[in-house]
Amino acid sequence: MTSRTCPCGLPQSYDACCGRFHAGAAAAPTAELLMRSRYCAFVEGDVPYLLRTWHPRTRPERLELDPRMRWTGLEILDGTDGSAFHARGTVTFRASYRGGSLHERSRFERVDGAWVYVDGEFLD
């Protein structure tokens, strides 16, 4: 257990925030929280979580992360739907890394009641 602040940007410890999703103790209840937990999984190098939370129809067979990539921050810019009352949602975000940033509008859907990442559109 660790008390470090969660990389997703919310003012909670990693264990109380995204760590509980990564460990399988809970499922992200909204598309935005799934987006945050997936960003955090990229920071942590948690490939099994990324694959587990990817929609079956768009999920790659394998995922290899660049071990030199250093993610430095996440900014949620916009979101539509994606709550407990929706079947779909979008989250627009900017994820910063050493040397640049990634601006994307991600689409999420529920599969068997759980939020999963479908795909994204790069912006800018």
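What you are looking at is a predicted structure, and each value in this text was computed from that prediction instead of being measured. These values consider heavy atoms only, across backbone and side chains, with no hydrogens, waters or symmetry-generated copies. Start at 1 with the first residue, then count along the sequence.
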> Taking side chain as C-beta onward, heavy atoms only, is Ser37 less than 4.5 Å from Cys8?
Replying inline: no
> Sequence neighbours excluded, which residues qualify as side chain to side chain donor-acceptor pair (under 3.5 Å) partners of Thr72?
Replying inline: none
> Can you name the closest pair of heavy atoms from Ser106 and Tyr117 and give their distance?
Replying inline: OG-CE1, 3.5 Å
> With ring centroids as reference points, do His55 and Phe108 lie under 6.0 angstrom apart?
Replying inline: no
>> So, using side chain to side chain donor-acceptor pair (under 3.5 Å) as the criterion, who are the partners of Asp124 when residues are at least two apart?
In response: Arg94, His103
> Hey, does the side chain of Arg57 reach the backbone of Val118 with a donor-acceptor pair shorter than 3.5 angstrom?
Replying inline: no
>> Minimum heavy-atom separation for Gly113 and Arg110, please, with both atom names.
In response: O-NH1, 2.7 Å
> When you look at Glu104 and Thr92, which way does the side chain to side chain contact (heavy atoms under 4.5 Å, CB included) test go after all the steps?
Replying inline: CA-CA 6 Å; Glu104 181 178 309; Thr92 304; over 6 Å; no
>> Once rounded to the nearest 0.5 Å, what's the spacing between atom CG of Leu50 and atom CG of Asp46?
In response: 6.5 Å
>> Taking salt bridge (Lys or Arg N to Asp or Glu O under 4.0 Å) as the cut-off, I'd like each qualifying pair that reaches into residues 74-83, sequence neighbours left out, listed once.
In response: none
> Quick one: ring-ring contact (aromatic ring centres under 6.0 Å, His included) partners of Phe42, sequence neighbours excluded?
Replying inline: none
> Taking all non-hydrogen atoms of both residues, which atom of Leu33 and which atom of Leu10 are closest, and how far apart?
Replying inline: CD2-CD1, 3.9 Å
>> Check whether Arg59 reaches the backbone of Trp54 with its side chain - one donor and one acceptor, N or O, closer than 3.5 Å.
In response: yes
>> Hydrophobic clusters here meaning ILVMFWY residues chained together by side-chain heavy-atom distances under 4.5 Å, can you tell me if Met35 and Leu77 are in one?
In response: no
> What pairs with Ser101 under side chain to side chain donor-acceptor pair (under 3.5 Å), at least two apart in sequence or on another chain?
Replying inline: none
> Mind checking whether Arg70 and Val43 have side chains closer than 4.5 Å, heavy atoms only?
Replying inline: no
>> Could you tell me if the side chain of Leu51 sits less than 4.5 Å from the side chain of Pro60, heavy atoms only?
In response: yes
>> Using ring centroids (six-membered ring only for Trp), state whether Tyr97 and Trp71 fall under 6.0 Å.
In response: yes
> Taking all atoms of both residues into account, what is the closest heavy-atom pair of Ile76 and Val91, and its distance?
Replying inline: CD1-CG1, 3.9 Å
> For the residue pair Gly89 and Trp115, what are the closest heavy atoms and their distance?
Replying inline: N-CZ3, 3.9 Å
>> For Thr90, give me all partners under side chain to side chain donor-acceptor pair (under 3.5 Å), at least two apart in sequence or on another chain.
In response: Thr80
> Do the charged groups of Glu44 and Arg38 touch, with an N to O distance under 4.0 Å?
Replying inline: no
> With side chains defined as the heavy atoms from C-beta onward, is the minimum distance between Phe21 and Arg36 less than 4.5 Å?
Replying inline: no
> Transitively linked via ILVMFWY side-chain contacts under 4.5 Å: Leu102 with Leu74?
Replying inline: yes
>> Could you report the tightest heavy-atom contact between Pro7 and Tyr39, atom names first, then the distance?
In response: O-CE2, 3.3 Å
> Can you tell me how far NE2 of His22 sits from CG of Asp15, rounded to the nearest 0.5 angstrom?
Replying inline: 11.0 Å
> Any chain of hydrophobic side-chain contacts (each under 4.5 Å) joining Leu63 to Met69?
Replying inline: yes
